[in-house]
Trainee: 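Would you mind keeping the following structure in view while I ask a few things?
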Amino acid sequence: MCRVCGGTVHQFFDFGRQPLSDMFLGPGDLEHEFFFRLAVGICESCTMTQLMDEVARDRMFHDAYPYHSSGSVHMRRHFEQTANRFLDTHLSGRGPDPFIVEIGCNDGVMLRTLGKAGVRHLGVEPSGGVADLARANGVRVRTDFFEEPTAADIVAEEGTADLIYAANTICHIPYIGSIFRGVDALLAPDGAFVFEDPYLGDILDRTTFDQIYDEHFFFFTVRSVQAVAARHGFEVVDVERLPVHGGEVRYTITRRGTRTPTAAVAELADLERARGLGTREAFDPFAADIERIRHELVTLLRGLAAEGKRVVGYGATAKSATVTNYCGIGPELISFVCDATPAKHGKLMPGSHIPVRPGEALADPYPDYAVLFAWNHAEEIMAKERAFHEAGGRWILYVPEVHIV
Ligand code: SAH
Ligand code: TYD
Ligand code: ZN
């Protein structure tokens, strides 16, 4: 049943049994590894694309949650620019003491800039480990899930918020009705709710099927966000396409009737309508492309293994769990994955059990090929690892199609 409107969700792809994408395993964890069915569908009543099955939130977001937002220089810059933009827009001209709440602040990658600027702020972050990192960055954090009761507490303790912001977090939250009711309780009458998440249009255009994993519950479009906002007395008043994580949209949402929507909102919604993005049929080519990529990637990796080539992975991303497990890729095809996140080192990748090693392992010695699982950071990583390419190493990418660089 649709988590927005209660309508029927029509499944369009089933990845089968999948592990938790951010559950990196120690040797003792292998017996009780958790699996669920990863399948995705669309509700044609409200146009929301969503997972068919939901994983309990405490299994995913806990003290050992390993994803650190500050791991990419490019993303640090993106969030610093975002914070500075808010200083000039939503947080300016709102009295002497504007207040911003961020849902899913992670290690404080965005709020640290506002904290330094002396802006009153609060991050709401259920994953204790990354919340502590945010505190070390001078950010005020409530270790909690944002939802309606949390919002009621915050407004009682600190008053209304001028801006509520979330990046790559609202799409993680199946109980989106409670989020909107919480925003309604916490947001000042003329405040704004701004969030950015991977855009379904870009996912289909680039066949980035690995954006589909346990944590990504919703795949937003302007129209589906309009549908959920409208149910709670809000409307989308601006949209902006962002070049991060393979293509995202930033939605600006206010109470209905408080602001005139920009032309960009209707333009993107019209484009979505024209390409049938709210219907099952829109996914037919996508499903065929996913199967083709699986076939080509597995064929390539088996061929390289047969030739005795050394192949590793780069970036132990959540996305890579979908790729390795759906394609049946294990240590026999990719000997290890290197990643800069200390919490992932010495662990095994979920489901595939490929070992994770530090970034320096790439050069020890350089392999013949590296599968770029962190393709969304391609520019940054390829620049950092130029010596690998100069030494004759080649990158394997699998989106938008399998190719070697
Ligand atoms: N904003 C960061 C982090 C994205 S990862 C960035 O863009 O890089 C998603 C984060 O959402 C995780 O840190 C997770 O712990 C957090 N999260 C999940 N459910 C949440 C909820 N209900 N309220 C607040 N944060 C939540
Ligand atoms: P990312 O693609 O941002 O997200 P997700 O896990 O949600 O798919 O993850 C990037 C991963 O790649 C993260 O584990 C850190 C790692 N990484 C490196 O090891 N080196 C780098 O230079 C960068 C940018 C990322
Ligand atoms: Zn629906």
Side-chain angles (χ1 to χ4, degrees), residues 1-9 21-22 24 42-50 57-58 60-63 65-76 78-79 82 101-111 123-131 134 142-147 150-151 165-176 178-179 182 195-198 210-211 213 215-217 224 227-228 231 244-246 248 278 313-322 337-341 343-344 356 358-359 362 372-385:
M1 200 167 68
C2 174
R3 292 298 307 249
V4 173
C5 78
T8 305
V9 181
S21 61
D22 266 318
F24 293 85
I42 182 165
C43 169
E44 294 180 327
S45 309
C46 72
T47 76
M48 188 66 86
T49 299
Q50 56 201 282
R57 63 188 190 179
D58 322 73
M60 299 184 285
F61 309 117
H62 43 67
D63 290 352
Y65 182 65
Y67 182 74
H68 295 180
S69 299
S70 296
S72 148
V73 178
H74 182 71
M75 292 310 297
R76 287 207 295 274
H78 168 76
F79 287 118
T82 301
V101 172
E102 184 180 11
I103 304 173
C105 68
N106 199 275
D107 60 8
V109 67
M110 195 287 289
L111 283 180
V124 183
E125 174 52 68
S127 299
V130 293
R142 177 186 174 113
T143 306
D144 213 345
F145 288 95
F146 187 89
E147 57 188 329
T150 320
Y165 172 69
N168 306 298
T169 298
I170 303 304
C171 74
H172 290 59
I173 306 181
Y175 41 100
I176 194 166
S178 180
I179 295 296
F195 64 88
E196 60 201 58
D197 282 295
D210 53 348
Q211 289 284 14
Y213 54 89
E215 294 171 23
H216 284 177
F217 188 84
S224 60
V228 57
R231 296 178 80 83
V244 299
H245 293 313
E248 301 206 331
Y314 202 107
T317 58
K319 294 183 285 290
S320 69
T322 297
V337 177
C338 50
D339 192 288
T341 315
K344 297 180 183 177
V356 184
L362 181 71
L372 188 53
F373 288 121
W375 50 261
N376 45 313
H377 304 295
E379 211 178 310
E380 179 174 343
I381 290 172
M382 287 180 182
K384 187 192 290 184
E385 305 294 358

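Because the structure is a prediction, the values reported are computed rather than measured. First listed ligand is number 1; within each ligand, the first listed atom is number 1.
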Trainee: Say whether, by atom type as modelled, one donor and one acceptor occur between the side chain of S320 and the main chain of A318 under 3.5 angstrom.
Mentor: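 No, the answer is negative, given that no donor and acceptor are paired below the 3.5 Å cut-off.
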Trainee: Quick one: look up the protein heavy atom nearest atom 10 (C) of ligand 1 and list residue, atom name and how far away it is.
Mentor: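 Checking every protein heavy atom, the shortest distance to atom 10 (C) of ligand 1 gives T169 OG1, 3.7 Å.
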Trainee: What atoms in ligand 2 come closer than 4.0 Å to a heavy atom of G315?
Mentor: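 Answer for ligand 2: 12 (O).
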Trainee: Looking only at non-hydrogen atoms, which of P126, A131, A318, S69 approaches atom 2 (C) of ligand 1 most closely?
Mentor: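 Residue with the shortest heavy-atom distance to the ligand atom: S69.
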Trainee: Identify, by atom number and element, the atoms of ligand 2 in contact range of H377, meaning under 4.0 Å from any of its heavy atoms.
Mentor: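 Heavy-atom distances to H377 below 4.0 Å select 1 (P), 2 (O), 3 (O), 10 (C), 24 (C).
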Trainee: I'd like to know if the side chain of E125 and the backbone of V130 have a donor-acceptor N/O pair within less than 3.5 Å.
Mentor: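 No.
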Trainee: Select one of side chain, backbone, both or neither to describe which atoms of I173 lie under 4.0 Å from any atom of ligand 1, heavy atoms only.
Mentor: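 Side chain only.
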Trainee: I want to confirm something. Looking only at heavy atoms, which of D339, V73, V337 is nearest to atom 11 (C) of ligand 2?
Mentor: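 Going through D339, V73, V337 one by one, D339 has the nearest heavy atom to atom 11 (C) of ligand 2.
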Trainee: Hey, are the side chains of V337 and K344 touching, using non-hydrogen atoms and a 4.5 Å cut-off?
Mentor: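 A side-chain contact under 4.5 Å is absent here.
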Trainee: Taking both backbone and side-chain atoms of H172, is any N or O found less than 3.5 Å from an N or O belonging to ligand 1?
Mentor: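 So ligand 1 has no N or O lying under 3.5 Å from an N or O of H172.
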Trainee: I want to confirm something. Looking only at heavy atoms, which of F373, W375, Y213 is nearest to atom 7 (O) of ligand 2?
Mentor: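 The nearest heavy atom belongs to Y213.
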Trainee: Give a rough value, rounded to 10 degrees, for the angle at the Zn ion (ligand 3) between atoms SG of C46 and SG of C5.
Mentor: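 C46 SG and C5 SG form an angle of 120° at the Zn ion (ligand 3).
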Trainee: Just checking, is any N or O donor in the side chain of E215 or Y65 under 3.5 Å from an acceptor N or O on the other one?
Mentor: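 Note: E215 and Y65 side chains meet the donor-acceptor criterion.
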Trainee: Any nitrogen or oxygen of I103 lying under 3.5 Å from a nitrogen or oxygen in ligand 1? Just yes or no.
Mentor: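 So ligand 1 has no N or O lying under 3.5 Å from an N or O of I103.
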Trainee: Please confirm whether H74 comes under 4.0 Å of ligand 2, counting heavy atoms of the residue only.
Mentor: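 No heavy atom of H74 comes that close to ligand 2.
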Trainee: Give me the residue, atom name and distance of the protein heavy atom closest to atom 6 (O) of ligand 2.
Mentor: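 Closest protein heavy atom to atom 6 (O) of ligand 2: A318 N, 2.8 Å.
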Trainee: I need the nearest protein heavy-atom contact for atom 12 (C) of ligand 1: residue, atom name and distance, please.
Mentor: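 Checked against all protein heavy atoms, atom 12 (C) of ligand 1 sits closest to Y65 CE2, 3.5 Å.
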Trainee: Is the ring pair F61/H172 parallel, tilted or perpendicular, if the boundaries are 30 and 60 degrees?
Mentor: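 Plane angle between 30° and 60°, so tilted.
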Trainee: Heavy atoms only: which of M60, E125, R76, H68 is nearest to atom 16 (C) of ligand 1?
Mentor: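 Closest candidate by heavy-atom distance is E125.
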Trainee: Of the backbone atoms (N, CA, C, O) and the side-chain heavy atoms from C-beta on, which set of N376 has a member under 4.0 Å from an atom of ligand 2: side chain, backbone, both, or neither?
Mentor: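 It is the side chain that gets close, since no backbone atom is under 4.0 Å.
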Trainee: Where is the nearest protein heavy atom to atom 8 (O) of ligand 2: which residue, which atom, and how far?
Mentor: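 Heavy-atom neighbour on the protein nearest atom 8 (O) of ligand 2: K319 NZ, 2.7 Å.
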Trainee: How close does the nearest protein non-hydrogen atom get to atom 20 (N) of ligand 2, and which residue and atom is it?
Mentor: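 Going by distance alone, atom 20 (N) of ligand 2 is nearest to K384 NZ, 3.8 Å.
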Trainee: Under a 4.0 angstrom heavy-atom cut-off, which atoms of ligand 1 come close to V124?
Mentor: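 With V124 as reference, the close atoms of ligand 1 come out as 24 (C), 25 (N).
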Trainee: With no hydrogens and no angle check, do the side chains of E248 and H78 hold a donor and an acceptor under 3.5 Å apart?
Mentor: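 No, H78 and E248 have no side-chain donor paired with an acceptor closer than 3.5 Å.
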Trainee: Where do G246 and N376 come nearest, in terms of heavy atoms and distance?
Mentor: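 Closest heavy-atom pair between G246 and N376: N-CB, 4.2 Å.
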Trainee: Which bit of K344 is near ligand 2, meaning a heavy atom under 4.0 Å away: side chain, backbone, both or neither?
Mentor: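 For K344, the contact with ligand 2 is made by the side chain alone.
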Trainee: Have a look at H216, M382, E380, Q211 and point out the one with the heavy atom closest to atom 24 (C) of ligand 2.
Mentor: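 Among H216, M382, E380, Q211, the closest heavy atom to atom 24 (C) of ligand 2 comes from E380.
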Trainee: Using a strict cut-off of 4.0 Å, indicate which atoms of ligand 1 neighbour a heavy atom of N168.
Mentor: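 Checking each atom against N168, I get 4 (C), 5 (S), 6 (C), 7 (O), 9 (C).
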Trainee: Please answer whether the main-chain N or O of Y67 pairs with a side-chain N or O of N106 as donor and acceptor at a distance below 3.5 Å.
Mentor: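 Confirmed, N106 side chain pairs with Y67 backbone.
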Trainee: At a non-hydrogen distance cut-off of under 4.0 Å, which region of F146 contacts ligand 1 (side chain, backbone, both, or neither)?
Mentor: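 Both backbone and side chain.
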Trainee: Given 3.5 Å as the limit, does a donor-acceptor pair link the side chain of T150 with the main chain of F145, or not?
Mentor: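 Side chain of T150 to backbone of F145, a donor-acceptor pair under 3.5 Å: yes, one is there.
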Trainee: Can you tell me if R231 uses its side chain to pair, donor with acceptor, with the backbone of V4 under 3.5 Å?
Mentor: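 Present.
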Trainee: Among protein heavy atoms, which lies nearest atom 4 (O) of ligand 2, and at what distance?
Mentor: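 Minimum-distance protein heavy atom for atom 4 (O) of ligand 2 reads Y67 CE1, 3.3 Å.
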Trainee: Does even one non-hydrogen atom of H245 get within less than 4.0 Å of ligand 2?
Mentor: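 H245 counts as a contact of ligand 2 under the 4.0 Å cut-off.
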Trainee: Can you tell which of F195, Y175, F79, F217 gets a heavy atom nearest to atom 22 (N) of ligand 1?
Mentor: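 Heavy atom nearest to atom 22 (N) of ligand 1 belongs to Y175.
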Trainee: Students should be able to answer this: which protein heavy-atom is nearest to atom 19 (O) of ligand 2, and at what distance?
Mentor: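 The answer is A340 N, 2.8 Å.
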Trainee: Where do M48 and V228 land on the side chain to side chain contact (heavy atoms under 4.5 Å, CB included) test, with the steps shown first?
Mentor: CA-CA 9 Å; M48 188 66 86; V228 57; 4.2 Å; yes
Trainee: Can you name the closest pair of heavy atoms from M1 and V9 and give their distance?
Mentor: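 Taking every non-hydrogen atom into account, C-CG2, 3.8 Å.
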Trainee: Specify the closest pair of heavy atoms between T47 and I42, including all atoms of both residues, with the distance to one decimal.
Mentor: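 So the two residues come closest at O-CD1, 3.8 Å.
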Trainee: Please check: side-chain N/O of T341 versus main-chain N/O of A343, any donor-acceptor pairing under 3.5 Å?
Mentor: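 Such a contact is absent between T341 side chain and A343 backbone.
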Trainee: Under a 3.5 Å distance rule, please check whether Q50 uses its side chain to pair with a backbone N or O of C43 as donor and acceptor.
Mentor: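 Side chain of Q50 to backbone of C43: no pair is present.
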Trainee: Distance under 4.0 Å to a non-hydrogen atom of A167: what atoms of ligand 1 satisfy this?
Mentor: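 Near A167, the atoms of ligand 1 are 1 (N), 2 (C), 4 (C), 6 (C), 7 (O).
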Trainee: Going by distance alone, is a donor N or O of one side chain under 3.5 Å from an acceptor N or O of the other, for Y314 and E385?
Mentor: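 Looking only at side-chain atoms, E385 and Y314 do form a donor-acceptor pair, the distance falling under 3.5 Å.
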Trainee: Counting only heavy atoms closer than 4.0 Å, does ligand 1 sit against the backbone of Y165, its side chain, both, or neither?
Mentor: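 It is neither part, as no heavy atom is under 4.0 Å.
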